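What follows is a short report on a single structure.
Start at 1 and go down the list; that is how both ligands and their atoms are numbered. Bear in mind that the values here come from a model prediction, so they are computed numbers and not experimental data.
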Amino acid sequence: MRKKIVAGNWKMNKTAEEALSLVSEIDNMVKDEVSGEVAVVVAPPFPFLQSVGKLVQGNDKMHLAAQNVSEHESGAYTGEVSAAMLKSVGVEYVIIGHSERRLYHHEDAQTLYQKMKATIAHGMKPIFCCGEPLEERDADRHFEYVGKQLHDSLSYLSNEEFDQVVIAYEPIWAIGTGRTASSQQAQEMHEYIREQLSRMFDAEAAYNCSILYGGSCNPKNAQELFSQADVDGGLIGGASLKSRDFTDVIKSI
Ligand code: PEP
């Protein structure tokens with residue numbers, strides 16, 4: 001059975017106090033209003049992982065994610081955070097390859113592969129992000145572009161490792177822009193991604209892989225996007241910073 005997931009990427013927002021207040025509101029709303037099988041994931045900044053994690057511990061619908069991880073095991077890597085450290089504070093998912101990290105921190109395909117290996121080796125699930133810039137879509141090369149991103153970072157994983165992977169399709173032109181992919185554009189790409197995965201790994205694993213949509217997803221458009229056959233949930237940026245909006249997105253699944 002494919003898992004439904006709605007994940008909130010808080011990016012570099014909130015102070016310690018604000019983070020706790022946001023997560024306690026989300027936690028209460030999820031307890032009161034969300035029924036059915038959906039995994040709700042929150043990805044606060046590193047300094048708040050432990051406190052946010054403690055708050056959601058008793059709620060089996062809620063899960064903790066990190067926004068990044070080092071590809072290195074340990075040692076002299078000033079400013080980095082290892083997979084073992086994340087695991088030790090209760091992290092279950094790690095967002096890997098977000099377009100902002102690819103762009104501003106020059107993370108390449110090989111580095112992303114190593115980050116995924118480290119994440120899986122420590123018993124956590126990577127949320128691997130892919131998605132094309134506007135010029136690739138305008139030139140009708142979006143399938144090829146995303147196919148290469150998947151191939152270059154995932155194809156060296158074993159079937160067992162791939163079983164732990166969640167994919168997030170996030171067209172760069174839709175991130176933080178208010179311009180969402182249409183449900184047809186999302187479905188077409190998700191179907192294509194699943195087909196590529198079935199070529200790299202066994203078909204059943206590809207069928208069972210959760211593929212999330214991300215890019216200006218909000219309470220108004222979530223239901224239409226989530227109703228598509230290959231859209232298994234969302235990776236939510238802006239709308240995850242407001243408890244009411246985030247809960248309404250979750251309820252759209
Ligand atoms: C994101 O950055 O992962 C994202 C989906 O952002 P937004 O929802 O704000 O477009």
Side-chain angles (χ1 to χ4, degrees), residues 4-14 18-19 22-23 26 38-46 48-49 52 63-69 91 93-107 112 115-116 119 125-134 136-137 142 145-146 149-150 153 165-183 185-187 189-190 193 210-226 228 230-253:
K4 303 270 186 204
I5 301 171
V6 178
N9 174 13
W10 296 5
K11 308 193 185 187
M12 199 174 74
N13 291 295
K14 305 292 176 189
E18 290 164 353
L22 174 61
V23 75
I26 296 170
V38 53
V40 178
V41 177
V42 286
F46 283 141
F48 315 139
L49 279 170
V52 166
H63 305 270
L64 187 64
Q67 298 174 20
N68 184 30
V69 63
V91 168
Y93 294 84
V94 183
I95 298 171
I96 292 177
H98 192 283
S99 59
E100 288 152 15
R101 293 217 55 91
R102 293 181 192 253
L103 180 64
Y104 305 133
H105 302 276
H106 313 292
E107 293 186 354
L112 300 180
K115 284 175 187 251
M116 278 196 293
T119 298
K125 295 176 187 300
I127 301 177
F128 178 76
C129 302
C130 57
E132 79 285 357
L134 189 57
E136 296 296 328
R137 180 159 285 265
H142 44 295
Y145 187 93
V146 170
Q149 285 182 318
L150 296 171
S153 292
V165 175
V166 173
I167 305 285
Y169 168 58
E170 301 205 300
I172 297 173
W173 46 271
I175 296 180
T177 58
R179 182 179 163 187
T180 321
S182 69
S183 52
Q185 287 172 322
Q187 170 55 26
M189 182 59 87
H190 283 223
I193 290 172
S210 301
I211 307 179
L212 317 183
Y213 168 79
S216 298
C217 186
N218 60 45
K220 289 201 178 82
N221 57 32
Q223 196 165 14
E224 167 75 16
L225 286 159
F226 296 168
Q228 302 302 305
D230 288 287
V231 178
D232 307 309
L235 179 54
I236 318 298
S240 73
L241 295 171
K242 291 192 182 122
S243 52
R244 183 69 271 154
D245 284 357
F246 188 51
T247 308
D248 285 347
V249 169
I250 298 163
K251 286 162 71 182
S252 306
I253 204 146

Gap between atom CG of Asn68 and atom NZ of Lys115 - 0.5 Å precision: 3.5 Å
What is the distance from atom OG of Ser216 to atom CD of Glu170, rounded to the nearest 0.5 Å? 10.0 Å
Polar contacts were defined as any N/O atom of the residue lying under 3.5 Å from an N/O atom of the ligand; does this apply to Gly237 and ligand 1? yes
Please list the nearest protein heavy atom to atom 2 (O) of ligand 1 with its residue and the distance rounded to 0.1 Å. Lys11 NZ, 2.5 Å
One should read off an interatomic distance between Lys220 NZ and Thr180 OG1, to the nearest 0.5 angstrom, of 11.0 Å
Who pairs with Thr247 by side chain to side chain contact (heavy atoms under 4.5 Å, CB included), at least two apart in sequence or on another chain? Met29, Glu33, Val34, Arg244, Lys251
Per-atom contacts, ligand 1 versus Gly238 - under 4.0 Å to a heavy atom: 7 (P), 8 (O), 9 (O)
Taking only non-hydrogen atoms of Gly176 and a 4.0 Å limit, the atoms of ligand 1 in range are 7 (P), 9 (O), 10 (O)
Atoms in ligand 1 flagged as close to Ala174, the criterion being non-hydrogen separation under 4.0 Å: 10 (O)
Nearest protein heavy-atom contact for atom 5 (C) of ligand 1: which residue, which atom, what distance? Glu170 OE2, 3.0 Å
Heavy-atom distances under 4.0 Å are what count here, so tell me which part of Asn9 touches ligand 1: side chain, backbone, both or neither. side chain
For Arg102, which residues count as a side chain to side chain contact (heavy atoms under 4.5 Å, CB included) partner, sequence neighbours excluded? Leu112, Phe128, Gln149
Taking 4.0 angstrom as the limit and counting only heavy atoms of Gly215, give me the atoms of ligand 1 inside it, by number and element. 5 (C), 10 (O)
Any donor-acceptor pair under 3.5 Å from Tyr213 side chain to Ala181 backbone: yes
Give the numbers and elements of all ligand 1 atoms closer than 4.0 Å to a heavy atom of His98. 1 (C), 2 (O), 3 (O)
Heavy atom of Ser216 under 4.0 Å from ligand 1? yes
Answer yes or no: is there a donor N or O on one side and an acceptor on the other, between the side chain of Gln67 and the main chain of Ile95, under 3.5 Å? no
